[in-house]
Amino acid sequence: MPSSVLNVSVDCADPYTLCRFWSEVTGKPIPEEDQPGDDEVGFQLNDDTALLFLRVPEPKTVKNRLHLCLQPDVPRDEEIERLLGLGATLVNDLRDPDGTGWAVLADPEGNEFCVLRSAAERAATS
């Protein structure tokens with residue numbers, strides 16, 4: 001029998017603050033028992049998998065070896081603007097003039113993630 005992914009874990013300096021950012025990104029609630037100052041904070045992405053934030057003493061120093069790719073329900077560019085408003089930063093803009101491509105953003109602690117086109121945008125260009 002194959003293995004299942006239980007958690008996707010992110011090392012960070014402030015688990016609650018970073019979890020709150022990703023909770024806003026995904027629209028998933030943080031459990032009430034998770035509080036500021038906790039060393040481990042997370043929430044369920046779906047029935048089987050959680051996104052978990054773990055306090056570590058060392059800061060991020062290099063590019064992520066693993067990152068999340070987001071496919072928004074709204075147009076990609078609209079979601080990028082929303083995420084920038086939540087505190088993300090634009091790392092690399094790989095959007096093409098024809099509407100294809102993606103953008104690489106970073107969360108408040110510098111962890112990179114991608115924002116892809118929505119399913120509707122992909123369907124319109126395929």
Side-chain angles (χ1 to χ4, degrees):
M1 175 173 249
S3 296
S4 297
V5 175
L6 182 62
N7 299 314
V8 176
S9 298
V10 179
D11 291 349
C12 58
D14 185 346
Y16 189 83
T17 298
L18 199 56
C19 185
R20 189 175 58 211
F21 170 82
W22 282 100
S23 172
E24 296 257 349
V25 168
T26 62
K28 305 291 185 180
I30 300 171
E32 289 184 24
E33 61 267 15
D34 288 347
Q35 296 294 312
D38 288 352
D39 289 333
E40 181 179 303
V41 180
F43 57 85
Q44 291 298 123
L45 288 170
N46 57 39
D47 291 340
D48 299 323
T49 308
L51 191 54
L52 190 61
F53 300 88
L54 308 170
R55 184 181 316 279
V56 297
E58 64 278 351
K60 179 181 177 297
T61 57
V62 296
K63 184 181 184 307
N64 298 11
R65 296 289 303 261
L66 173 76
H67 69 267
L68 302 177
C69 291
L70 306 178
Q71 183 179 35
D73 293 332
V74 299
R76 177 199 58 212
D77 295 349
E78 185 178 317
E79 181 67 352
I80 289 169
E81 289 306 314
R82 184 181 80 86
L83 298 174
L84 293 172
L86 292 175
T89 55
L90 183 63
V91 173
N92 197 2
D93 193 340
L94 299 168
R95 293 176 281 183
D96 298 317
D98 68 356
T100 61
W102 64 94
V104 180
L105 278 64
D107 70 20
E109 288 202 14
N111 301 299
E112 295 93 0
F113 61 96
C114 295
V115 181
L116 311 175
R117 293 179 294 156
S118 69
E121 288 172 307
R122 293 176 66 86
T125 59
S126 60

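Owing to the predicted nature of the structure, the values given are computational and were not obtained by experimental measurement.
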Point to revise | Sidechain-backbone polar pair: N92 side chain, V104 backbone, donor-acceptor under 3.5 Å | key: no

Exercise for review: Would you give the length of the straight line joining atom CZ of F53 to atom CG of D107, rounded to the nearest 0.5 angstrom?
Suggested key: 7.5 Å

Review point. Does one hydrophobic cluster hold both L116 and L94, with members joined at side-chain heavy-atom distances below 4.5 Å?
Key: yes

Exercise for review: Determine yes or no for a side-chain-to-main-chain donor-acceptor pair under 3.5 angstrom, with D96 supplying the side chain and D98 the backbone.
Suggested key: no

Exercise for review: Measure the CD-CG distance between E121 and D77 for me, rounded to the nearest 0.5 Å.
Suggested key: 7.0 Å

Study note, to complete from the structure: Cluster membership besides L52, Ile/Leu/Val/Met/Phe/Trp/Tyr side chains within less than 4.5 angstrom, sorted by chain and number, is L54

Review point. Would N111 and H67 count as a side-chain contact (heavy atoms from CB on, under 4.5 Å) if you check the C-alpha gap in whole Å, the side-chain angles of each, and the deciding distance to 0.1 Å?
Key: CA-CA 8 Å; N111 301 299; H67 69 267; over 6 Å; no

Check your understanding: Can you name the salt bridge (charged side-chain N to carboxylate O under 4.0 Å, His left out) partners of D93, sequence neighbours left out?
Key -> R95

Study note, to complete from the structure: d(F113 CZ, L105 CG) to nearest 0.5 Å is 4.5 Å

Review point. Is there a donor in the side chain of N7 and an acceptor in the side chain of S9, or the other way round, less than 3.5 Å apart?
Key: no

Exercise for review: Mind checking side-chain hydrogen bond (donor to acceptor under 3.5 Å, both in side chains) for R117 and listing every partner two or more places apart, or none if nothing turns up?
Suggested key: T125

Check your understanding: Of the non-hydrogen atoms in S23 and P29, which two are nearest, and what is the gap between them?
Key -> OG-CA, 4.0 Å

Point to revise | Rounded distance [0.5 Å steps], CG in L86 versus CZ in F21 | key: 6.0 Å

**Study point:** Salt bridge R82-E79, side-chain N to carboxylate O under 4.0 Å
**Key:** yes

Review point. Would L70 and V74 show up in the same hydrophobic cluster when neighbours are defined by side-chain heavy atoms closer than 4.5 Å?
Key: no

Review point. Would V56 and V10 show up in the same hydrophobic cluster when neighbours are defined by side-chain heavy atoms closer than 4.5 Å?
Key: no

**Study point:** Cluster link L68 to L83, ILVMFWY, side chain under 4.5 Å
**Key:** yes

Check your understanding: Is the shortest heavy-atom distance from the side chain of I80 to the side chain of R76 under 4.5 Å?
Key -> yes

Point to revise | Value rounded to 0.5 Å, distance of CD in E40 from SG in C19 | key: 10.5 Å

Review point. For P31 and G42, which heavy atoms make the closest approach, and how far apart are they?
Key: CD-O, 3.0 Å

Check your understanding: Would you call E109 and K60 a side-chain contact if the rule is heavy atoms closer than 4.5 Å?
Key -> no

Practice item. Verify, without hydrogens or angle tests, whether R55 (side chain) and Y16 (backbone) share a donor-acceptor contact under 3.5 angstrom. Key: no

Review point. Do P15 and D38 touch side chain to side chain, with heavy atoms closer than 4.5 Å?
Key: no

Review point. Between CG of L45 and CG of L51, what distance do you get to the nearest 0.5 Å?
Key: 5.0 Å

Check your understanding: Which atom names give the shortest non-hydrogen contact between S118 and P75, and what distance separates them?
Key -> OG-CA, 4.4 Å

Exercise for review: Establish whether V5 and W22 are linked, either directly or via other cluster members, by ILVMFWY side-chain heavy-atom contacts under 4.5 Å.
Suggested key: yes

Revision key, fill the gap. Of all heavy-atom pairs linking C114 and W102, the shortest is SG-CD1, 3.9 Å

